[in-house]
Amino acid sequence: VMSMPQEIVGLGQPEVRFVWDDDTADVWTARALRIMCTCAYCVSEITGAKLLDPATVATDITVTTMSLVGNYGVSIAFSDGHSTGIYRWKALLANRPSPAAS
């Protein structure tokens with residue numbers, strides 16, 4: 001059974017905290033999430049090559065809105081205006097950042 005977040009905190013913040021249903025938590029910087037985006041603007045649908053240059057993502061980027069997408073992910077919009085990325089729980093769990101103190 002796939003883990004699902006019980007809580008996602010980060011609106012207006014430079015980082016997002018996911019609290020999973022197994023009581024673990026991950027803290028992602030908004031910038032790391034923005035760079036990880038797999039939408040067609042950021043990753044070539046044909047070759048899978050990254051189109052987004054991480055150097056173009058501001059270090060002080062924040063999350064402006066978040067909304068759940070089905071039961072498999074979250075859509076996140078950022079202060080740079082980018083809003084087409086969907087972050088799947090599977091991908092977030094597969095690429096977990098270094099553990100944060102809970």
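Computed from a predicted model, the values in this text were never measured in an experiment.
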Please answer: with hydrophobic residues joined when any side-chain heavy atoms are less than 4.5 Å apart, are V43 and L51 in the same cluster?
no

Before you tell me yes or no, could you show the steps for T24 and R96 under side-chain hydrogen bond (donor to acceptor under 3.5 Å, both in side chains), namely the whole-Å CA-CA distance, both residues' side-chain angles and the distance that decides it to 0.1 Å?
CA-CA 11 Å; T24 60; R96 299 178 88 155; 2.8 Å; yes

Do F78 and V63 pass the side chain to side chain contact (heavy atoms under 4.5 Å, CB included) test, and can you show the C-alpha distance, the side-chain angles, and the key distance before you say yes or no?
CA-CA 5 Å; F78 298 92; V63 169; 4.2 Å; yes

With a 4.5 Å heavy-atom cut-off, do W28 and L92 have their side chains touching?
yes

Quick check: does any side chain N or O of S79 sit under 3.5 Å from a backbone N or O of T62, one acting as donor and the other as acceptor?
yes

Side chain Y87, main chain L33, donor-acceptor under 3.5 Å
yes

So, D21 side chain and M4 main chain: donor-acceptor pair closer than 3.5 Å or not?
yes

Could you go through I8 and L68, starting from their C-alpha distance and side-chain angles, then the distance that decides it, and tell me whether this counts as side chain to side chain contact (heavy atoms under 4.5 Å, CB included)?
CA-CA 10 Å; I8 305 173; L68 293 177; 4.2 Å; yes

Non-hydrogen side-chain atoms of P5 and W89 separated by less than 4.5 Å:
yes

Rest of the hydrophobic cluster containing Y72 (Ile/Leu/Val/Met/Phe/Trp/Tyr, side-chain heavy atoms under 4.5 Å)?
V69, I86

Rounded at 0.5 Å granularity, tell me how far OG1 in T65 sits from CD1 in I76.
9.0 Å

If hydrophobic clusters are built by linking Ile, Leu, Val, Met, Phe, Trp and Tyr wherever their side-chain heavy atoms come under 4.5 Å apart, do F18 and I35 end up in the same one?
yes

Joint cluster assignment, L93 & M66, ILVMFWY side-chain distance < 4.5 Å
yes

Where do C37 and G85 come nearest, in terms of heavy atoms and distance?
SG-CA, 3.5 Å

Using the side chain to side chain donor-acceptor pair (under 3.5 Å) rule, collect all pairs that involve residues 40-59, keeping only residues at least two apart or in two chains.
S44-T47

So, do V57 and H82 sit near enough that their side-chain heavy atoms are less than 4.5 Å apart?
no

Determine, stepwise, if the pair R88 / T38 fulfils side chain to side chain contact (heavy atoms under 4.5 Å, CB included).
CA-CA 10 Å; R88 295 170 181 269; T38 58; over 6 Å; no

What pairs of residues pass the salt bridge (Lys or Arg N to Asp or Glu O under 4.0 Å) test when at least one of them lies in residues 73-83, not counting sequence neighbours?
R34-D80

Interatomic spacing from CD in E15 to CG in D26 - rounded to 0.5 Å:
12.0 Å

Output yes when a side-chain donor or acceptor of R31 lies under 3.5 Å from a complementary backbone atom of P54, and no otherwise.
yes

